Amino acid sequence: EAVTVGDLAKKMGVKANEVINKLMRMGLMATINQSIDFDAASLIATEFDYQVEPVGMEYDESMFKVESAAENLKPRAPVVTIMGHVDHGKTSLLDAIRKTRVTEGEAGGITQAIGAYHVNLKGREIVFLDTPGHEAFTAMRARGAQVTDIVVLVVAADDGVMDQTVEAINHSKVAGVPIIVAINKIDKPEADPGRIKQALTEYSLIPEEWGGDTIFCEVSAKQKIGIEELLELILLQADILELKADPDRPARGVVIEARLDRGRGPVATVLIQEGTLHEGDAFVSKTEYGRVRAMNDDQGRRIRVAGPATPVEVIGFSRVPQASAEFNAVEDEKKARSIGEYWLRKERERELSATSKITLEQLYEKMKEGVKELNVILRADVQGSLEALADALTKLSTDDIKLKVIHGSTGAITETDVMLASASNAIIIGFNVRPDARVTELAEAEGVDIKLYDIIYNVIADVRAAMEGLLEPEY
Ligand code: GDP
């Protein structure tokens with residue numbers, strides 16, 4: 001079970017400050033009331049020559065992450081999210097792609113809106129997430145769910161690289177997800193794809209014909225031009241990624257969306273990522289659990305098995321699960337319930353201790369050998385200060401710590417900034433801008449640091465101090 005920093009210190013007969021200090025040297029800011037999980041507490045305790053013993057049963061998400069033997073891995077379909085600036089054609093493109101399968105003669109082509117759908121191309125499948133944009137993408141990531149393999153970045157050929165285009169690029173890059181650029185609206189007379197390509201080189205998206213490795217595709221979502229070509233390029237990118245999964249193991253996936261259906265009770269769309277889910281399987285999804293009473297595919301058809309990279313609607317949850325929660329099939333319902341209830345208890349404990357918990361993973365991440373990184377999201381009132389700050393901050397990088405401005409833009413701090421910070425362990429620096437109450441609240445809930453300044457010198461001084469804190473002392 002979890003223990004707070006204060007309790008751990010007391011049990012070891014050391015001052016809480018010493019524990020906090022130790023954590024800080026590992027690069028973690030902790031308060032006396034913050035709780036530490038078992039493994040992290042063990043690690044800290046050994047530093048003081050103590051051992052920690054567990055009390056009661058522990059369940060950990062890691063128990064589901066069994067490595068499959070290489071020979072059991074089979075190719076799987078790619079999962080794609082469409083991103084881009086508002087009005088550049090994300091929704092239209094999703095619709096155009098969806099309609100390609102009607103011509104392929106799939107039964108009726110009646111599409112259920114379940115949050116994801118698949119299309120077939122020459123015997124292969126591609127899965128599209130139905131919520132376009134980087135907000136949903138990053139919110140999932142902040143909850144620890146990485147479901148997207150490939151991002152299709154839509155840029156309107158008659159417009160250009162806009163704010164949300166840049167945000168989408170940065171959010172994909174931090175996530176390490178490759179981008180395919182779809183230059184849309186090429187049917188328009190004023191369309192100028194060359195100008196878009198040129199503008200995107202500034203963000204390191206360089207087409208192959210110019211010596212880069214980014215795949216570009218010219219499309220018209222409205223006139224249905226280039227759609228099949230785009231799908232082919234997605235499959236090409238998928239081949240490069242060598243996406244694989246083991247179908248012969250208990251199903252593991254992520255809840256894409258969930259709701260309470262009047263007739264059917266709690267219903268969730270689950271993207272199966274590994275293994276195969278069968279009708280009748282018991283499962284747990286964070287604090288919720290159940291048994292698969294029925295499954296439907298993205299065309300509303302009842303199915304009995306669902307393999308890797310399949311979005312399915314699952315009926316049989318005890319209560320509505322949280323979107324982005326992990327989903328795991330387990331041996332039987334008894335086990336499912338016991339894990340679900342255990343996690344519910346943990347969640348309550350966490351709420352009580354109010355602050356986010358330090359885990360072993362975090363500790364190891366901070367202690368990882370080699371270059372340490374401090375990720376920063378910058379917001380400033382004007383472009384001039386933004387550039388000056390980004391420049392000055394990046395120059396603070398040393399051989400030991402790299403400072404990375406993962407996103408910078410003008411204007412107020414947004415909720416999306418907070419989610420990006422949460423997903424990528426970044427701090428947010430606001431210069432002559434402030435977050436509104438909703439953003440502040442979200443930052444508190446996510447445990448994201450927002451620092452506000454109006455003097456450049458102070459920004460530099462504080463960040464330098466933080467970086468020195470990240471360094472382990474030399475002996
Ligand atoms: P979103 O905000 O990115 O989802 O953009 P929408 O898909 O809602 O498209 C915004 C507008 O652009 C709509 O009026 C669409 O009809 C129009 N549009 C989208 N794709 C194309 C295209 O390929 N050509 C033209 N001419 N208009 C398009």
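In each ligand, atom 1 is the first atom listed, and ligand 1 is the first ligand listed. All values below were derived from every heavy atom in this structure, side-chain atoms included, with hydrogens, water molecules and symmetry-related copies excluded. All residue numbers in this chain count up from 1 along the given sequence. Every value quoted in this text rests on a predicted model; they were computed, and no experiment measured them.
Taking every non-hydrogen atom of His85 and a distance limit under 4.0 Å, the qualifying atoms of ligand 1 come out as 3 (O). Near Lys188, with a cut-off below 4.0 Å to any heavy atom, the atoms of ligand 1 are 26 (N). For ligand 1, the atoms closer than 4.0 angstrom to any heavy atom of Lys90 are 1 (P), 2 (O), 3 (O), 4 (O), 5 (O), 7 (O).
Checked against a 6.0 Å centroid threshold, the rings of Tyr453 and Phe431 do not count as neighbours.
Within 6.0 Å of CZ in Arg337 there are 12 or fewer heavy atoms belonging to other residues, nucleotides or ligands. Around the CZ atom of Arg438, the shell of radius 6.0 Å holds no more than 12 heavy atoms that belong to other residues, nucleotides or ligands.
Protein heavy atom closest to atom 23 (O) of ligand 1, with residue, atom name and distance, is Ala221 N, 2.9 Å. Protein heavy atom nearest atom 5 (O) of ligand 1, with residue, atom name and distance: Gly89 N, 3.1 Å. Closest to atom 16 (O) of ligand 1 among all protein heavy atoms lies Lys222 NZ, 4.1 Å. Atom 6 (P) of ligand 1 has as its closest protein heavy atom Ser92 OG, 3.6 Å. Of the protein's non-hydrogen atoms, Thr91 OG1, 2.6 Å is the one closest to atom 4 (O) of ligand 1.
A salt bridge links Arg379 with Asp417: the distance from a Lys NZ or Arg NE/NH1/NH2 to an Asp or Glu carboxylate oxygen falls below 4.0 Å. Between Glu313 and Arg301 there is no salt bridge, since no side-chain N of the basic residue sits under 4.0 Å from a carboxylate O of the acidic one. The pair Arg98-Asp130 counts as a salt bridge, with a side-chain nitrogen and a carboxylate oxygen less than 4.0 angstrom apart. Salt-bridge annotation for Asp95 and Lys99: absent, with no side-chain N of the basic residue lying under 4.0 Å from a carboxylate O of the acidic one.
Of the candidates Lys185, His88, Gln223, it is Lys185 that places a heavy atom closest to atom 17 (C) of ligand 1. Across the listed options Asp158, Asp87, Asp187, Asp187 owns the non-hydrogen atom lying nearest to atom 26 (N) of ligand 1.
The part of Asn184 lying near ligand 1 is the side chain, judged by heavy-atom distances below 4.0 Å.
Within a 4.0 Å radius of atom 14 (O) of ligand 1, the protein has no heavy atom. Proximity of atom 10 (C) of ligand 1 to the protein is indicated by at least one non-hydrogen atom lying closer than 4.0 angstrom.
No hydrogens or angles considered: a donor-acceptor pair under 3.5 Å links the side chains of Asp298 and His118.
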Leu393 and Ile460: side-chain contact (heavy atoms from CB on, under 4.5 Å), yes or no, with the steps? CA-CA 7 Å; Leu393 286 175; Ile460 309 298; 4.1 Å; yes
